[in-house]
Amino acid sequence: MARYHIRKYQESNHKLFSEGLTEYVPIAFHMLRLPQTLMLLLGGALTLFLVSGSWLLALIASLSLLAALRFLAKYPWTQCGVRAFNTDLSDITKTYLSVLVSCFWVAESEEQVVGMVGCLPAEDPTLQRKQLELFHLCVTFKHCGQGMAKALVRTVLQFAWDQGYSEVVLAATVLQDSALGLYQSLGFQKIHKFFFSMSFRIITVPAICLIYHPPSAQVCQALQKGGGL
């Protein structure tokens with residue numbers, strides 16, 4: 001297992017972030033396994049064969065439809081990456097490190113950035129409590145399973161406690177099974193489901209909002225001594 005350490009983001013890391021996010025973007029191939037998708041592919045091919053009498057034409061049409069569905073399944077994830085690099089990730093220092101109530105960290109192994117996570121105060125003006133939102137948890141495939149993601153999340157939770165936040169929230173899609181399991185193992189609880197955008201609704205990939213309530217000062221000190229945070 002490779003050794004790693006977590007530190008704050010530096011400007012020289014930006015290119016590595018771009019590569020890491022591109023590698024980690026999941027592709028919603030589950031859309032191609034949905035019953036309605038299979039019915040569309042098989043039903044369309046059979047209908048075209050009955051009309052034209054040509055299996056070749058039906059096969060070509062089915063392959064073309066499959067390619068279109070694959071693009072449709074990938075499109076929302078691609079747009080999320082583009083939107084991120086055009087908004088908060090376009091200037092990480094300004095967005096996350098210009099004030100004390102937000103931060104951005106990287107996990108570094110063998111002088112290479114292999115993971116990241118950031119957090120910002122929630123923007124909902126109706127909130128009656130201090131809420132911190134976790135963003136962009138990411139670890140490269142090569143370094144998954146080494147505890148880096150858990151360490152990065154714990155870094156955010158410790159930061160939330162130090163800054164006096166009463167809640168930490170985040171959102172993850174239902175396809176991110178390992179991430180959801182990690183969050184829940186650290187004490188996050190599911191609140192509700194929603195869709196990031198219409199494109200995610202079309203491919204039936206909802207997101208789950210989770211919330212974490214930092215423990216009291218006494219409990220937090222006990223967790224720190226026992227390695228729980």
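From a predicted model like this one, the values you see are computed outputs, not experimental measurements.
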query = If Ile, Leu, Val, Met, Phe, Trp and Tyr residues are connected whenever their side-chain heavy atoms lie under 4.5 Å apart, and connections chain through other members, are Val168 and Ile211 in the same group?
reply = no

Exercise for review: For the residue pair Gln158 and Thr155, confirm or rule out a side-chain donor-acceptor distance under 3.5 Å.
Suggested key: no

Heavy-atom closest pair (Ala149 atom, Leu137 atom, distance to 0.1 Å) is O-CD1, 4.0 Å

- Message: Are the side chains of Glu133 and Leu120 in contact, using a 4.5 Å heavy-atom criterion?
- Response: no

When rounded to the nearest 0.5 Å, the distance separating CE of Met116 from CD of Glu108 is 15.0 Å

- Taking the side chain from Ser109 and the backbone from Arg3, do they hold a donor-acceptor pair closer than 3.5 Å? yes

Shortest non-hydrogen pair, Ile208 vs Phe194, comes out as C-CE2, 4.4 Å

message: Just so I know, are the side chains of Leu97 and Gln10 near enough to count as touching, which here means a heavy-atom distance under 4.5 Å?
response: no

(Q) How about CG on Leu100, more than 12 heavy atoms from neighbouring residues, nucleotides or ligands closer than 6.0 Å, or not? (A) no

Here the gap from Leu180 atom CG to Ser185 atom OG, rounded to the nearest 0.5 Å, amounts to 11.0 Å

For Tyr96 and Cys119, the nearest pair of non-hydrogen atoms, with its separation, is CD2-O, 3.5 Å

Side-chain (Lys142) to main-chain (Val114) donor-acceptor, under 3.5 angstrom: no

In short, Lys130 meets Gln163 closest at the heavy-atom pair NZ-O, 2.8 Å

From the list Lys190, Gln189, Lys193, His192, side-chain contact (heavy atoms from CB on, under 4.5 Å) with Cys209 holds only for His192

Q. In the single-linkage hydrophobic clustering (I, L, V, M, F, W, Y; side-chain heavy atoms under 4.5 Å), do Leu134 and Leu186 co-cluster?
A. yes

CG (Leu132) and OG (Ser166) are apart, to the nearest 0.5 Å, by 10.0 Å

### Message
Taking Val156 as the starting point, is it possible to reach Val101 by hopping between hydrophobic residues whose side chains are less than 4.5 Å apart?
### Response
yes

Rounded to the nearest 0.5 angstrom, the NE2-OH distance for His143 and Tyr4 is 11.0 Å

The ring-ring contact (aromatic ring centres under 6.0 Å, His included) partners of Phe188 (sequence neighbours excluded) come to Tyr183, Tyr212

For Leu152 and Val106 the tightest heavy-atom approach is CD2-C, 4.4 Å

One should read off an interatomic distance between Asp177 CG and Leu182 CG, to the nearest 0.5 angstrom, of 12.5 Å

**Item:** Parallel, tilted or perpendicular: ring planes of His136 versus Phe104, cut at 30 and 60 degrees
**Value:** tilted

Can Val169 be reached from Tyr165 by stepping across I, L, V, M, F, W or Y side chains whose heavy atoms are under 4.5 Å apart?
no

request  = Please step through side-chain contact (heavy atoms from CB on, under 4.5 Å) for the pair Arg7 and Val113, ending with a clear verdict.
outcome  = CA-CA 10 Å; Arg7 60 171 174 79; Val113 173; 4.0 Å; yes

Nearest heavy-atom contact between Leu210 and Ile191 is C-CD1, 4.2 Å

